[in-house]
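Some notes on the structure that comes next.
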Amino acid sequence: MATLQSCSVCLRESALQLPRHHLTDNYRSRTAKWKCPRAAVIPNFHLPMRSFEVKNRTSVDDIKSLRLITAIKTPYLPDGRFDLEAYDALVNMQIENGAEGVIVGGTTGEGQLMSWDEHIMLIGHTINCYGGSIKVIGNTGSNSTREAIHATEQGFAVGMHAALHINPYYGKTSLEGLVSHLDSVMSMGPTIVYNVPSRTGQDIPPRVIHRLAQSSNFAGIKECVGNDRVDQYTGKGIVVWSGNDDECHDSRWNHGATGVISVTSNLVPGLMRELMFGGKNPSLNAKIMPLVEWLFQEPNPIGLNTALAQLGVVRPVFRLPYVPLPLAKRVEFVNLVKQIGRENFVGEKDVKVLDDDDFVLVSRY
């Protein structure tokens, strides 16, 4: 009881010592002119994640020279986890058929449906297994600069050769904000900027790319706007990869693009290599076009996921919100394989028309 009384006295004395605000002080605080605080400027550093001792570190010039880069598919087990056995087979097929690089966890690889733990694990796995045979480019972009920085630090820490960065989507930003966002990640290593307004809702105009190109880590741009835009860059010496499979032949041979970052090469890597390495070949381009048109009738990667399942190289498992193409389209794909030649496609099993019940749709994983 004595202790409680002592505490009570201390509290009362403490309360008596609180500062008292006079009426004049309150008046001054209401009428004083407000001044904007100066923003803190934080130097652009990324320690402790950065290291110059990464075993697979590559130069920007090595990335600039790549002509066929596959945006690799991520296969799943029936419970929605990664099917690394099927993934390894897919990557090996790309290497055997002459692809020079893979984008890991891009739009095609469904990075948007991965946790960052899954994302970095898959980049690290790819580097560990195949980093000596093919260039591994990790999609570590985000509409959040904080997330993009952290993921890119981790990606380079596990050994990826280069990063792919998209501009901030949905919320978008100003052009100055866009430059600041990309500048924040470009200092960490070779970087490909990805411009796909149909998905982000915002074009990256040439004046922004010209500013970013001043960075020694700027490798080039994956451009989806079209060949007029490709011309604007290649005329200024900027490396461009076509992001549109239906335009990549003309981009490469008529507009100066270095190559393509391709979805179709998941299925026919040998034909896509020939298209990028063998000189102008309108007849081969025409042969592939029906397949390209089939692949993109619905948003990517719906068509690719359906096709690979029908070829028997991945399990017919979809992470929602993606669902397979309808039966009629699956029948069309079987006919396309026969027309182009089964020997040109990945895998060794006969192509099949899968039933609706063959597919597994996973909403929680």
Side-chain angles (χ1 to χ4, degrees), residues 63-74 94 99-112 135-143 162-169 178 182 190-206 208-209 212-213 218-236 238-269 271-273 275-276 285 288-289 291-304:
I63 302 301
K64 288 181 176 181
S65 67
L66 304 178
R67 284 160 284 186
L68 177 59
I69 303 171
T70 298
I72 196 77
K73 151 74 176 167
T74 306
Q94 295 300 314
E100 299 172 296
V102 288
I103 303 288
V104 179
T107 306
T108 304
E110 300 179 19
Q112 62 276 14
K135 295 302 181 188
V136 178
I137 302 158
N139 169 35
T140 54
S142 173
N143 60 350
L164 179 74
H165 278 282
I166 202 164
N167 52 304
Y169 44 88
L178 202 159
L182 292 168
T191 301
I192 298 173
V193 175
Y194 180 17
N195 185 35
V196 56
S198 63
R199 288 186 181 268
T200 64
Q202 184 180 37
D203 182 32
I204 306 177
V208 169
I209 295 300
L212 296 172
F218 178 82
I221 179 168
K222 177 185 177 182
E223 182 57 75
C224 296
V225 166
N227 285 331
D228 289 342
R229 182 67 63 81
V230 173
D231 277 332
Q232 293 181 52
Y233 293 135
T234 56
K236 299 286 187 181
I238 292 174
V239 171
V240 182
W241 292 273
S242 174
N244 300 326
D245 283 351
D246 60 337
E247 296 180 336
C248 69
H249 172 269
D250 291 348
S251 295
R252 172 87 171 98
W253 302 112
N254 298 336
H255 301 278
T258 296
V260 63
I261 296 177
S262 176
V263 176
T264 309
S265 57
N266 279 276
L267 298 172
V268 287
L271 295 183
M272 291 302 296
R273 179 182 170 86
L275 206 63
M276 291 294 103
N285 191 52
I288 295 173
M289 276 309 104
L291 174 62
V292 174
E293 292 168 1
W294 182 91
L295 274 174
F296 293 97
Q297 57 195 309
E298 294 289 353
N300 180 50
I302 293 170
L304 176 65

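Just so you know, these numbers use all the heavy atoms, side chains as well, and skip hydrogens, waters and symmetry mates.
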(message) So which atom in Ile204 and which in Arg229 form the shortest heavy-atom distance, rounded to 0.1 Å?
(response) O-NH1, 3.3 Å
(request) Applying side-chain contact (heavy atoms from CB on, under 4.5 Å) between Thr108 and each of Thr70, Asn300, Thr74, Ile72, report the one that passes. (result) Asn300
(request) Of all the heavy-atom pairs spanning Trp241 and Leu66, show the shortest one and how long it is. (result) NE1-O, 2.8 Å
(message) Against Glu100, only a single residue in Lys64, Lys135, Arg67 fulfils salt bridge (Lys or Arg N to Asp or Glu O under 4.0 Å); can you say which?
(response) Arg67
(message) Please give me the minimum heavy-atom distance between Cys224 and Asn244, naming the atom from each residue.
(response) O-ND2, 3.0 Å
(request) With rounding to the nearest 0.5 Å, note down the distance linking CD1 in Ile166 to CG in Asn139. (result) 7.5 Å
(request) Please examine the side chains of Asp250 and Asn227, heavy atoms only from C-beta on, and report whether any two atoms are closer than 4.5 Å. (result) yes
(message) Tell me the closest heavy-atom pair linking Ser262 and Met272, and the distance in Å.
(response) OG-CE, 3.6 Å
(message) If the test is side-chain contact (heavy atoms from CB on, under 4.5 Å), which one of Ile288, Asn285, Val260 qualifies with His249?
(response) Asn285
(request) Could you tell me which non-hydrogen atom of Ala257 sits nearest to which non-hydrogen atom of Thr234, and how far apart they are? (result) N-CG2, 4.0 Å
(message) So, applying side-chain contact (heavy atoms from CB on, under 4.5 Å) with Tyr194, which one of Thr107, Ile103, Ile261 is it?
(response) Thr107
(message) Could you report the tightest heavy-atom contact between Pro269 and Gln94, atom names first, then the distance?
(response) CB-OE1, 3.6 Å
